[in-house]
Amino acid sequence: MRWSSLFIPTLRDAPAEAEAVSHQLLVRGGFMRQLQSGHYSMLPLGWRVHQKVAEVIRQEMDAIGAQEFHLPAMHPASLWQASGRWDSIGEEMFRLTDRKGVDLALGMTHEEVFTSLSLELSSYRDLPQIWYQIQWKFRDEPRPKSGLLRVREFAMKDSYSFDLDDAGLDRSFDLHHDAYLRTFRRLDLDAQPVEASSGAMGGSASIEFMVESDAGEDDVAICEGCGYAANVERATAVPAPVENRPGSDSPEAFPTPGVRTIAALAEAGHPPAHQIKTLVYRVDGVLTLILLRGDHPFLEQKFADATGAVDIVPAEADEIRAALDASPGSLGAVGVSDLEIYADEALRGRSGMTTGANEDDVHLTGVDVERDIAVDHWINVRGILDGEACASCGGTLRVARCIEAGHIFKLGRKYSEALGVTVLDAEGENRVPTMGSYGIGVGRAMAAVAETHHDENGLVWPMVIAPYEVVLTVVKVDHEESMAVAEKLYDDLRDAGVDVLLDDRDGRAGVKFADAELVGIPLRVTIGPRGIENGKLELTIRSNGEQVDVPADEVAGQLVELVTAGRAAGR
RNA sequence: CGGGAUGUGGCGCAGUCAGGCAGCGCACCUGCUUUGGGAGCAGGGGGUCGGCGGUUCAAAUCCGCCCAUCCCGACCA
């Protein structure tokens, strides 16, 4: 393509609302524009990258025997009612009504639709199956942010596996695991597989592929020693040992006028590690006490995963007072027998603790957790802290900000059972297939690459997904020899199947160099009178800035080699 | 949903406190000069100042309501 006739609206300044680097550069480089919060228009350059990312994913899916489908984005409510998710999902799903008054949903994921197709599987001989699509998803995100990283409308590769038994599911899961590693390697994304919560979808094994980046939204605990890596929603760690303070035969009350917080109580001589934090939650409608060490954060996701609870909301002040006769800040579990009590494992064996007395302005000290509190369930619900010890090897855990580029997990039979999918096994018995669900966000992967591949001059795309692989920068377009050389090279490269861009704009060289760098094209050939006199062209490598003079008749060959090698990187 | 901030030409911003002709840089158009790293000079086009209502002789500016966008949190297959 000729730059002079393309729509590549580059900007010298990024819009003020763009904060994430990927957001700034994708807008400045003319790859995309925002239509409204969470919705972006892909411009020609952006769409080329998007399609190339999708193509890498497609190739790796096909390589594990997955079959590509294309499903509707708009679904009947009845299908989602069949799985129970019409009611359980809530506001995140876009819903609408057609002219007949029928309820519809915009698909935010496609378990239901694919599962409904699987009703046509009838024999164990039909299994396993891996089905996928690259389709638009719609999610009414409460807060879209960071450009393409969190949007309300986006392309996702989602695949689903159907197997007869757990061993089969394990195989399908592992195939995806490896395909994802290959995919991200080819995209030059350093994506670490980490243990994750499976969230509201249910299911057992759950692995997220995480790219370290400040622009991310997830925190991952990583052990440099043994390689343990887990989303903090799930991560475990060994807290630094704490010596119990001297105990007493029974808890002793003491006045604490005005003390309402962990920090205030700490100032009164009771360090957070020696306090019991008492949280009151409404868990699926039931008032419940959750106890943690004073300095440990509560992770609702861990609680949900441990208990299977769905609806976990902090209790209101008035219901707390009705149940415990005190207000937040003076709450405790000592002597409480009519509420379910959950205690974090870090409280096991602790004594000499301080906690609220369920009487405003009074606390108890000398509390022995196991002696004085009727704990119903010991669970691990605390958020781990940076620098704590790894539970597997004792090494130091580091908590890193990450972008979730992919997620794979085992669904089990939730959907196949709900929709009544059965196949006959070798004995002629009906069996319900077990499923897996696997996703990669295409736009998010593109943004993650942008986030990790740039310098002060702009983007630096890996060859596989670069919008164009080579740009021919003609320094003087009215210099006939230059144009003749450029046109010839342009034709040769196109004949060789290279995605080549001819910058034939009548502009200053500096502007054209700056644009080529901003847009991030991996290889640039500078064509001007100066080089042509010597029969040389200048080749510049975007990633390292390296420049070499190449004899004019060897340029095409060298470029083809570089492009071919670049496309194959990571394979 | 809670907290914070912002809305003035395509992009970046000043002007708002203290009401009085809507400005600047970039980009765009024309001409001349220039031309291997975001050119110079001259001329020019483009804005319901987010919206609605109010106060006032007069509102980008003051008041009220609403909308949009961004950031933190909550939330998030």
Side-chain angles (χ1 to χ4, degrees), chain A residues 9-20 23-24 27-28 30 33-39 80 83 85 88-93 107-112 114 137-147 149-152 154 156 158-160 196-203 206 208 215 217-218 231 233 297-301 304 311-314 404 406-411 414-415 435-441 457-458 473-479 482 505-518 524-533 537-538 540 545 547:
Chain A
T10 59
L11 258 25
R12 195 172 285 202
D13 300 303
E17 64 268 15
E19 174 121 331
H23 187 188
Q24 295 180 353
V27 173
R28 279 190 58 208
R33 288 294 185 264
Q34 178 174 314
L35 178 63
Q36 58 173 331
S37 181
H39 300 262
W80 286 78
S83 71
R85 290 207 289 183
S88 67
I89 281 187
E91 291 184 308
E92 204 188 344
M93 186 153 66
M108 47 189 291
T109 175
H110 282 75
E111 278 81 5
E112 279 82 354
F114 268 115
K137 309 294 185 199
F138 299 87
R139 295 182 188 179
D140 193 354
E141 290 288 344
R143 185 154 89 89
K145 57 178 288 201
S146 305
L149 285 174
R150 186 165 209 78
V151 290
R152 303 206 303 173
F154 58 98
M156 171 179 271
D158 51 324
S159 46
Y160 305 85
S197 159
S198 42
M201 297 297 305
S206 172
E208 290 169 334
E217 302 183 272
D218 288 276
N231 193 306
E233 288 177 350
F298 174 54
L299 281 191
E300 290 182 13
Q301 188 65 53
D311 196 26
I312 303 163
V313 291
E404 179 191 343
H407 193 174
I408 61 177
F409 58 96
K410 297 178 181 174
L411 283 177
K414 173 176 172 173
Y415 296 94
M435 297 171 58
S437 171
Y438 319 89
I440 296 179
N457 295 320
T473 302
V474 182
V475 172
K476 274 190 207 295
V477 291
D478 51 4
H479 182 251
S482 289
R505 291 175 297 169
D506 183 11
R508 301 179 70 81
V511 172
K512 297 163 81 162
F513 294 149
D515 274 347
E517 282 155 9
L518 173 61
R524 184 182 89 211
V525 179
T526 307
I527 301 166
R530 207 161 73 190
I532 285 178
E533 277 176 27
L537 301 180
E538 184 181 287
T540 307
Q547 297 190 355

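Below, chain A is the first sequence line, B the second, and so on; all start at residue 1.
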Handout entry: Same-atom distance (C1') from B:G7 to B:C32, integer angstrom
Key = 41 Å
Practice task
With C1' as the reference atom in both, quote the distance from B:C63 to B:U56 in angstrom, rounded to an integer.
Solution key: 12 Å
Problem - Nearest-nucleotide pick for A:Arg524, side chain only, options being B:A39, B:G36, B:G37 - result: B:G37
Practice task
Please state the C1' separation for the pair B:A68 and B:C57 - nearest whole angstrom.
Solution key: 34 Å
Exercise for the section: Could you check which of B:C11, B:A74, B:C70 has an atom nearest any side-chain atom of A:Glu17? Expected result: B:C70
Practice task
Tell me what A:Ser37 touches on the nucleic acid: a base, only sugar-phosphate, or nothing, going by heavy atoms under 4.0 Å.
Solution key: sugar-phosphate
Problem - B:U55 versus B:A60 - spacing of their P atoms, nearest Å - result: 16 Å
Exercise for the section: Begin with the C-alpha distance, continue with both residues' side-chain angles, and end with the deciding distance and a verdict on side chain to side chain contact (heavy atoms under 4.5 Å, CB included) for A:His110 and A:Tyr160. Expected result: CA-CA 9 Å; A:His110 282 75; A:Tyr160 305 85; 3.6 Å; yes
Fill in the blank from the handout: Rounded to the nearest 0.5 angstrom, the CE-CD1 distance for A:Met108 and A:Ile89 is 4.5 Å
Handout entry: B:C62 and B:G38, which share atom name C1', separated by this distance in whole Å
Key = 43 Å
Handout entry: Gap between atom CD1 of A:Ile532 and atom NZ of A:Lys476 - 0.5 Å precision
Key = 11.5 Å
Exercise for the section: For B:G47 and B:C1, measure between their P atoms and round to the nearest Å. Expected result: 36 Å
Handout entry: B:A14 versus B:G3 - spacing of their P atoms, nearest Å
Key = 26 Å
Handout entry: Nucleotide forming a Watson-Crick or wobble pair with B:U6, both distances under 3.5 Å
Key = B:A68
Practice task
Considering only atom C1', compute the distance from B:G12 to B:C70 and round it to an integer number of Å.
Solution key: 16 Å
Exercise for the section: Name the closest nucleotide to the A:Arg508 side chain, picking from B:G36, B:C75, B:U35. Expected result: B:U35
Fill in the blank from the handout: Whichever of A:Ser146 and A:Ala16 has the more 5' nearest nucleotide on RNA chain B, that residue is A:Ala16
Practice task
Would you mind classifying the nucleic acid contact of A:Gly507 as base, sugar-phosphate or nothing, using non-hydrogen atoms under 4.0 angstrom?
Solution key: nothing
Completion exercise
Interatomic distance, CD1@A:Ile440 vs NE2@A:His407, rounded to 0.5 Å, equals 12.5 Å
Practice task
In whole angstrom, give the distance that lies between atom CD of A:Gln34 and atom C1' of B:C11.
Solution key: 14 Å
Handout entry: Sugar-phosphate only, base, or nothing, as touched by A:Lys476 at under 4.0 Å among non-hydrogen atoms
Key = sugar-phosphate
